[in-house]
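Written out below as structure tokens is the structure these notes cover.
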Amino acid sequence: MNLISNESLQPFDFILFGGTGDLSIRKLIPALYFRHCEKQLPDDGRIIASGRTAMDTAEFRAKLDVEVREHISEQDFEEEAWQAFLERIQYYAVDVNDVAAYQPLVDALKGREDHVRVFYLSVAPSLFTQITNGVHEAGLITANSRVALEKPLGRDEKSAEEINDRLSDVFSEEQIYRIDHYLGKETVQNLLALRFGNAFFEPLWRAEHISDVQITIAESLGVDSRGAFYDQTGALRDMVQNHLLQLLVILAMEPPVSMDPDAVRDEKIKVLRALKPLTGIDAIENSVRGQYKAGAYKDGPVPGYLDNADIPDDSTTETFVALRAEIASWRWAGVPFFLRTGKRLESKTTEIVINFKKIPHSIFPTADGFSIPNQLIIRLQPEESIRMRIYVKAWGDDIELQPVHLNLDFNDVFQKRKMIAYERLLLDIIRGNPTLFMRRDEVAAAWAWIDPIQEAWEQYQYSPKSYTAGTWGPGAANALISKDGLRWHED
Ligand code: BG6
């Protein structure tokens, strides 16, 4: 895989549907701007944004000039580079439901058929098919074209397959880039580097030595303006089906034979298929649903989920999920994988915690009785770091052991700006490297594991437990993990 590639890009047209939307302003345009600053975009690389709002290119650039600035820190903002970057951008208002309305794009792309062409759909999934059909009927799809889609890809296996069928009517599988932005995060790729670039982790990376794995994606933000979307989705579909499962498979997969895109994705899918199905009462016993109620952070009080005007008073959508999963394979048999995600939790923390088994026999006294054995903590957020908990002899005369942490904070080591996950992903799409994108069978396999959990919740009318905003979720999540005699890692 291209973990870091300075390979120069071919001239391209990046056609951004949903160009005026939140994701474009907060992430996509800033990501491209940073790559422009790093001189990774070729001179002939254009961004052709479109949206429903009628405006011309000058007005769109003026809008970006105000709005995008807010999402780039002052120290990373270079006025001259920004002005040069804006020159790459054009804007056309397109009603995506009207085939005739694609004409401005046809004109803008005429004569550039040999260039790489990316159709980036940063729009509601209900518009995916209209747009792919629209660009097809407008004759815009060339051999060098790609289409990139944001999640959610469907709401279950069946609807995801329907979307994939429609996509495959006009694009080949090699042209389709399904994005999970977690795969663009530096530490996720570092997980691969850590596992397969070092001699001492891989021999220990198995049931014989690992007691349990905990993966947490905690957010302190609430649902806020996304209420209507979120209430139809819930945390299982919004976070577990994609981000959490992607972290799990990268952590658990067998070493691929090479970094070739399909070699990696073939190994990932084996993990998804090896996940023990959670169905019926088994799903209920191994899962916890939660929904936040009003609470407070140090900045002040925050409303509960049901206080949101876009959410029905009797909504039973979960804003928190905890699961106990197992992977039925030689490597992982018997190791519980605890997954947890939620909105309005105590802090924004994403981390993977690998707890190793206790040493078989202790010849040393310890201050804590080896209460927590060796532990590897891989953090994605708030900081990107790797921490290893080991025992050393306590300073002084006594031969007593004491736990300490070996810390590797990527910020200190590399002293570089924290990259936006999209920077790598957008360049990979332009470059034509699909390693960090989900293949169709991978999406289907992830849904195939998720669907029975959702069905069991409905069948057993398993309502979410409420938890106070600003805490670590419902007490039932602690009860779930304590059945194995364990506790969630929190510090
Ligand atoms: C998105 C979810 O995919 O990921 C959001 O739809 C969530 O609900 C977001 O807030 C979290 O991403 P990150 O990179 O901020 O952890």
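Ligands are counted one by one from 1 in listed order, and the atoms in each one are counted from 1 as well. Predicted model, so just to flag it, every value in this text is computed and none were measured.
Aromatic ring orientation, H243 versus Y182: parallel (interplanar angle below 30°, classes split at 30° and 60°). Relative ring orientation between W488 and F338 is described as perpendicular, the plane-to-plane angle rising above 60° on a 0-90° scale split at 30° and 60°.
Residues Q291 and K465 have side chains that never bring a donor and an acceptor to within less than 3.5 angstrom of each other. Looking at R340 and T216, their side chains do bring a donor and an acceptor atom within 3.5 Å of each other. Between D231 and T317, the side chains place a donor N or O and an acceptor N or O closer than 3.5 Å (distance only, hydrogens not considered).
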Under a 3.5 Å threshold, I'd like every N/O contact between ligand 1 and protein atoms, with atom names and distance.
residue	atom	partner	partner atom	Å
ligand 1	3 (O)	K151	NZ	2.8
ligand 1	3 (O)	H243	NE2	2.7
ligand 1	4 (O)	H243	NE2	3.4
ligand 1	6 (O)	K151	NZ	3.0
ligand 1	6 (O)	R226	NH2	2.9
ligand 1	6 (O)	D238	OD1	2.6
ligand 1	6 (O)	D238	OD2	3.3
ligand 1	8 (O)	R226	NH1	2.8
ligand 1	8 (O)	D238	OD2	2.6
ligand 1	8 (O)	K343	NZ	2.7
ligand 1	10 (O)	E219	OE1	2.5
ligand 1	10 (O)	E219	OE2	3.3
ligand 1	10 (O)	K343	NZ	3.1
ligand 1	12 (O)	H181	NE2	3.2
ligand 1	14 (O)	H181	NE2	2.8
ligand 1	14 (O)	K185	NZ	2.7
ligand 1	15 (O)	K348	NZ	2.8
ligand 1	16 (O)	Y182	OH	2.5
ligand 1	16 (O)	K348	NZ	3.3
ligand 1	16 (O)	Q381	NE2	3.3

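Between atom CZ of residue R424 and atom CG of residue D428 there is a gap of 6.5 Å, rounded to the nearest 0.5 Å.
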